[in-house]
Number of protein chains: 2
Amino acid sequence: MIFENLGIAKQSEESHTGQDNESTSMTLAEKAYESLRHDIIRGAFQAEQPLRLADLKTRYDMGFSPLREALNRLQAERLVVAEALRGFKVAGLSVAELQDATRTRIMIESQALQMAIARGDDAWGAKIVGALYALKAQAARSGADKDVWELEARHHAFHRALLEACGSDWLLEFFERLYAATERYRIPILIESDVPTGRDIQAEHTALAEAAIGRNADLAVDLLRDHYTRTADTILGLMDAPKPKRRK
Amino acid sequence: MIFENLGIAKQSEESHTGQDNESTSMTLAEKAYESLRHDIIRGAFQAEQPLRLADLKTRYDMGFSPLREALNRLQAERLVVAEALRGFKVAGLSVAELQDATRTRIMIESQALQMAIARGDDAWGAKIVGALYALKAQAARSGADKDVWELEARHHAFHRALLEACGSDWLLEFFERLYAATERYRIPILIESDVPTGRDIQAEHTALAEAAIGRNADLAVDLLRDHYTRTADTILGLMDAPKPKRRK
DNA sequence: GCAAGCATGATTTTCGAAAATCTTGGAATT
DNA sequence: AATTCCAAGATTTTCGAAAATCATGCTTGC
């Protein structure tokens, strides 16, 4: 299956080194956390792969302590699984978890979106418009200007902007958790851009933004649900089937 | 306000030393996590209180490493707040957060309860009945047999049993997060059992269990909402008002 | 008198070594 | 041949010291 393409093969690529580092006043443990989270979500490690401390030590160039602290945080976020005296490994991926995460995500974000539409002010609308513009601009780039990670960052920023006015820190935290969990599943689509989706995803984003800003809560929630359901269905199709290129 | 009674005053009490310790095959870091989580939730530390490593070292009798790992996990759960190079402190409490947590909790648990009612089998019902029995038995005890922490454990077990058949790990995790967050606010009521609630809480639990097992989803959700709303209102009343005993 | 700068002690953060535990592979036994 | 036991190496976990940073109060200069 397509997912097996990720991971070990790419492991020799450069590791993330903490972009939004204020480089000063940022502890090594925080850098380790951001780098590891980044690398796990983006598939630099295989799912279930053991994370040996000696390897991480050389990869990120720091001692045990900050690495273990970062791994403990990631364990609490369920991106990493720890077993006593047997170390850490990357959390697994499964069809069941993707389905659960998608269902829960739709529920959480629908609620947050309704609340944001009820409470959002002009600053909220402005941020959505700006994020949508930036997202579409990046999506339109191809060739040398193409950058799936920048696209992914803007995609996240757009979806967060939609919900940010909801006024509930708890809902926003759960949004972030579910976004991270499902992003891991979307990586294959992101990288292999020749996966046929039969969708105009940026048109879906535009419609969603217009419904939200137009305070059409019912429509916006419907569009959000469809948006996530379609994405999940595409991924589920890839997870069952092997790569479409050469079917045996 | 009543909340100020907690914390530093009680800090000299014995610390939690990890009950469900399989004592073997449990690392110090895990014990530190459980003990710290236990002590924070139950108010052994004041809200916002700095958690100095030297103090924790003597309190829990272990070195820096396992303590810092535990604190990092708790930071990810938002029971502890970390500031770079300035250490850790217990997360704060606020009216706004209690309201947010209560609202979100009702939403999450309503969904989980509906799903559990739709999917639950006899084992699910049996666990609810058993948990309810144990809860009521403990609630009936007074005098020397009274044990608010055992009562609290059984209360948690009962509410978890209601939802456990929902089939969503994500919903169950969010339930646990919100339960822990709101438990911190309920401690004053638990300890000062003379707080007048004007409720028969065990009757509420019984009605809830019967509605769930009877597959009356709409009624069960209504009862759950009322149950949590009443509790939150009681606490909010205490948070604004000073202690009722001697008003100045 | 008051603010800025600085020394000092307190505290956090990080490292490398030591201790504890797991894993692997081979030898001994049945 | 299969199983158990054991030793050696690999790995995780924990500790205590060193490094880095923060907080406090004092001095200095204006």
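Every chain is numbered from 1 and lettered A, B, ... according to where its sequence line falls, protein lines coming before strand lines. What you see below is based on every heavy atom in this structure, not just the backbone, and it leaves out hydrogens, waters and symmetry mates.
Both tests pass for B:Arg105 against the ring of B:Tyr228: distance under 6.0 Å to the centre and angle within 45° of the axis.
Summarising the local packing, CG of A:Asp121 is surrounded by more than 12 heavy atoms from other residues, nucleotides or ligands at distances under 6.0 Å.
Looking at heavy atoms from C-beta onward, A:Leu113 lies in side-chain contact with A:Leu163 at the 4.5 angstrom threshold. Between A:Asp147 and A:Arg141, the closest side-chain pair of non-hydrogen atoms is not below 4.5 Å. Between A:Val95 and A:Leu98 there is no side-chain heavy-atom pair separated by less than 4.5 Å.
Note on B:Arg78 versus A:Glu173: salt bridge recorded, some NZ/NE/NH1/NH2 to OD/OE distance being below 4.0 Å. Under 4.0 Å is where a charged nitrogen must lie from a carboxylate oxygen, and between B:Glu69 and B:Arg73 no such pair does.
Counting any heavy atom pair closer than 4.0 Å across all strands shown, A:Leu53 reaches a base atom.
Between the side chain of A:Arg177 and the main chain of A:Glu77, a donor-acceptor pair closer than 3.5 Å is present. Put simply, the side chain of B:Glu30 gets close to the backbone of B:Thr27: a donor and an acceptor are under 3.5 Å apart.
Nucleotides of DNA chain D lying under 4.0 Å from heavy atoms of chain A occupy a range whose first and last members, 5' to 3', are D:dT11 to D:dT14.
Looking at every heavy atom in both residues, B:Leu71 comes nearest to B:Leu51 through CD2-CD1, 3.9 Å.
Looking at residues 65-78 of chain A, you'll see A:Ser65, A:Pro66 sit with a heavy atom under 4.0 Å from some atom of DNA chain C. Listed in residue order, the members of residues 79-90 of chain B having a heavy atom less than 4.0 Å from DNA chain C are B:Glu83, B:Ala84, B:Leu85, B:Arg86, B:Gly87, B:Phe88.
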